[in-house]
Each structure stands twice: as C-alpha cells, then as structure tokens.
Visitor: 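Before anything else, here's the structure in question.
All ligand and atom numbering here is 1-based and tracks the order in the structure.
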Amino acid sequence: MSDTLKNLDKNYVLNTYARNYVNFTTGSNATLKDNTNKDYIDFTSGIGVVSVGHGNKQVADAIYKQVNNITHMSNLYAIEPQAMLAKKLQELSGYDMATFFSNSGAEANEGAIKIARKYGETRFDNKRYKVITLAHSFHGRTITTVKATGQEKMHTPNFSPYPDGFSYNKHIEDIYNSIDEETVAVMLELVQGEGGVQPFEKSEIQKLAKFLKEKGLLLIVDEVQTGVYRTGEFLASNLYEIEPDIITLAKGLGGGVPIGAVMTTHKDIFSPGDHGSTFGGNFLSTRASLEVLDILEVQHNSGKIKEATEYFQTKLTALFNKNQAIFNKEVGLGLMRGLRVKDVETLSAIVNSAFEEGVLVLKAGKNTLRFLPPLTITKAEIDSGFTRLENAISKI
Ligand SMILES: Cc1ncc(COP(=O)(O)O)c(C=O)c1O
C-alpha cells in the first residue's frame, strides 16, 4: 500500500472534521508517539474520553478476557456486566436511579429527551413536551440533540426541519420566566464544555433544582463531559449537591470503548418497546466500563486524582500568571480546565505551536484553550506537557 494516511482519509472518509494528519501509532497513559517516533503529551484524552490513559493494561486485559468469550449477544437476553454496571453507577453516584445504555453522548441525550417527553405525556393533565436548554450548550449531533444545543450556528437550514419543543435561555435566571404550561424539563451541563469550560454557580443551580422539583418538572443534567470524576467527584451533580431526575454520561465512562448511559429516578417510565439499541450495553462495552470505574474509584479514593488535579492546576496558574498578555481568565473545574485567550488568532497559533512542540491541547468556544488530560496523568507527564506548552507560547 503506497497510500499515505492523508490520501486514504481524504479519498475514503467523509469530510466532517478539519483534521490534523498526524499518524499516532502508540500510546501509554498521557503519552503518544506518531509514526516518525515523535512523542506528544496528551492534554486532551481524545476530548475527555481516555479517562484511564492510553494503552491501559488492566482495561485491555478485561476486554480481551470478555471478547475471548462473548463480545455481543442482544438486549433480548439479560447481560451480566450491563446489570452490574447499572448497579455500580447507582452506588458511585449515590442516586437511586436505573440506567439505559447507549453508544454515545448524543444517543444518551436522545434517551433523556424521550424519558422527559413520556413523563410530560403521561404525568400531567395537559401534554408537556418542551425542553429548555441554555445558550452556549452542546448536547450532540443527531437532529434532535443539535436542536437541543443552544447555539444558533448549529441549526443550519441544511438539516432542517428540526423537531419542535426546544427553546434557549441566555442565563439560568431567565429560565423561571420561560417555563410555560407545556414545559416538561430543563437540560443543562453544570460546566459547559464545548461552550468554553464554563461552570455555573452552585447556588444558582441548587435554586433551580429546588424550583423544578417543587413544580414536578424535570432537571436533566448532561454529564457526558463532566461525569466520571472529570470535575473531582464521580458526577458534577455530586459536587453541586443536587438530585437531578435524569443524568446522561458517555465520554470517560468506557475509557475509549464507545458507551453512553442515561440514568433516571423514574425507573418505571419506560415499557418494553419504548426505547432500545442493538449495541447499547453489550458485553464488550459494559465489561470495559466496569474495569474503568474500578480503576478510577481506587484512584479517587486514594486521593490520586485530587493530587494530579492540584498539580495540574498549579502549573496552569503559573502559565497563566506568566502570560498575562495572552490569557484573560482561568476557568473550569477538576481536570476540565481552560484559559481564555485574548483573541481567536492567538488561540489557533497556540494550539498549532503546541502540536509542533509535542503537547496536545484543545479549543473550546471562541476563545478558550482547553485541557482535558487523562485522570491518571502523572506528575512527570504534567511537567513535560507544561514545559512544551511554555516553549510553544514563546514561539508564537
Ligand atoms: C456535554 C456534551 N453532551 C453531548 C455530547 C455528544 O456526545 P457524543 O459525541 O458522544 O455523541 C458532547 C460531546 O462533546 C458533550 O460534550
């Protein structure tokens, strides 16, 4: 085969991403190598997915053992690791919830919206189906979750018509006056990821949660990015000390194996036939996820995630202080961090220069340099990543 990766990709893969044509060939925790043997410190973890690092031996062994027996059967039969994982999610979150497993974050949010709509259809005298979301939110790429996303640029006529029933508020405090007799739920991220690594105020969220509970309306928390220890606790909802009605997860849950989950306190909302998925919750993904959660639970309880977070934060603050002409503000929670950059051009220049220096970083929103390292990142990897980033910044 003489085709380069770039040619292969350009000729055979649909054009949905402005790709960087690096060819990563090996990975170990937060360190990657490409086919020229150049190494990179990964401060992205595949956009918050590889929570336990690249090439995790414990997860690899668990997957190997599982696929050597049964990779997939179907949801027509009970699946032991799926049931165990649902129990584990309840235990780790502390929420008395049952779970449906999907294959992605968008699909988990679709499930959440279906739960809310059935609740709105069956639990009130009048039909309630409207879901309020927030400006700068991101909830996925399916037709419905694109519409749920509070960014006008995502609602392009190319894919219209979109489903009805979504409206957007700029601020949390605007939600109270937007609720009408057809509203059934509010859906939000506690830290807006794609929107700019922007956390909401705890008191504001607690007030909203209490208000919705009193009205019998649902609070859906999209924890696709914030979940699975990303913000320090198992869920950001734990950190905010709220009790949502519905929570969605994906990204870090499978450590790279595609899996999503929608958890709800309304355990009896669905009946057979209401919802389903061929792959969702199969032997492979749920076994992998059980192993990921075992690893992260130990890391969390031993204080290792906190230690890595504090170390990362110290380095980030030092970088911020040293480069006041470039950065305006530090944002984020846990190992979901950002630096607001003074302008878009500088942000792109930093990301590109960082790549050249061998450290991978992300953009979020218009002007945020974003960091989502593996939760298992070592101090040596953090040191190396920040040294490279300093060099990158000095060269722009
Ligand atoms: C908060 C949030 N919700 C939903 C999604 C969509 O998840 P997926 O790409 O797995 O469908 C994302 C992805 O970035 C996200 O950050």
Side-chain angles (χ1 to χ4, degrees), residues 14 16-19 43-51 99-116 131-151 153-155 159 166 168 185-200 205 219-231 235-237 239-240 244 246-263 277 279-281 285 288-289 292 331-338 361-365 368 370-373 375:
L14 277 177
T16 56
Y17 287 89
R19 287 210 158 108
F43 280 171
T44 77
S45 65
I47 321 189
V49 168
V50 192
S51 47
T99 298
F100 174 86
F101 291 101
S102 62
N103 310 285
S104 69
E107 239 189 287
N109 286 337
E110 289 270 345
I113 293 162
K114 281 178 78 174
I115 291 170
V131 177
I132 296 174
T133 68
L134 285 161
H136 310 297
S137 57
F138 183 76
H139 298 298
R141 294 286 192 165
T142 61
I143 294 275
T144 301
T145 56
V146 154
K147 192 66 196 303
T149 292
Q151 300 182 42
K153 70 169 197 279
M154 301 273 291
H155 308 156
F159 311 117
F166 295 95
Y168 320 100
V186 172
M187 175 154 135
L188 49 78
E189 301 150 85
L190 295 172
V191 185
Q192 290 190 328
E194 305 303 309
V197 201
Q198 186 58 53
F200 287 106
I205 294 289
L219 176 60
I220 305 171
V221 180
D222 178 344
E223 296 235 25
V224 166
Q225 196 162 143
T226 55
V228 194
Y229 299 106
R230 180 53 63 184
T231 66
L235 299 178
S237 298
L239 198 66
Y240 277 69
I246 303 172
I247 294 171
T248 56
L249 298 171
K251 289 192 182 279
L253 184 60
V257 174
I259 184 168
V262 50
M263 307 167 64
S277 165
F279 292 120
S285 63
S289 179
V292 166
V331 285
L333 279 177
L335 280 175
M336 186 172 178
R337 293 275 160 191
V361 286
L362 294 161
K363 289 181 197 172
T368 306
R370 176 162 59 145
F371 304 85
L372 288 167
L375 305 175

Visitor: Under the side-chain contact (heavy atoms from CB on, under 4.5 Å) rule, what do Gln225 and Glu194 come out as? Steps first, then yes or no, please.
Guide: CA-CA 9 Å; Gln225 196 162 143; Glu194 305 303 309; 3.1 Å; yes
Visitor: Check for a donor-acceptor pair, side chain of Ser137 on one end and backbone N or O of Gly150 on the other, with a separation under 3.5 Å.
Guide: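 Such a contact is found between Ser137 side chain and Gly150 backbone.
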Visitor: Roughly how far, to the nearest 0.5 Å, is CD1 of Ile132 from CG of Leu188?
Guide: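 The distance works out to 10.5 Å.
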Visitor: For ligand 1, list all ligand N or O to protein N or O distances below 3.5 Å, rounded to 0.1 Å.
Guide:
unit_1: ligand 1; atom_1: 3 (N); unit_2: Phe138; atom_2: O; d: 3.3
unit_1: ligand 1; atom_1: 3 (N); unit_2: Asp222; atom_2: OD1; d: 3.3
unit_1: ligand 1; atom_1: 3 (N); unit_2: Asp222; atom_2: OD2; d: 2.7
unit_1: ligand 1; atom_1: 10 (O); unit_2: Gly105; atom_2: N; d: 2.8
unit_1: ligand 1; atom_1: 11 (O); unit_2: Gly105; atom_2: N; d: 3.4
unit_1: ligand 1; atom_1: 11 (O); unit_2: Ala106; atom_2: N; d: 2.8
unit_1: ligand 1; atom_1: 14 (O); unit_2: Glu194; atom_2: OE2; d: 3.4
unit_1: ligand 1; atom_1: 14 (O); unit_2: Lys251; atom_2: NZ; d: 3.2
unit_1: ligand 1; atom_1: 16 (O); unit_2: Gln225; atom_2: NE2; d: 2.8

Visitor: Would you say the ring centroid of Tyr168 lies under 6.0 angstrom from that of His155?
Guide: yes
Visitor: Show, in sequence, the C-alpha distance, side-chain angles and deciding distance for Ser237 and Leu190, and conclude whether the side-chain contact (heavy atoms from CB on, under 4.5 Å) test is met.
Guide: CA-CA 8 Å; Ser237 298; Leu190 295 172; 3.8 Å; yes
Visitor: Going by the rule salt bridge (charged side-chain N to carboxylate O under 4.0 Å, His left out), which residues pair with Arg141 if we only count those two or more places apart in sequence or in a different chain?
Guide: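 Once residues adjacent in sequence are excluded, Arg141 has no partner under the salt bridge (charged side-chain N to carboxylate O under 4.0 Å, His left out) criterion.
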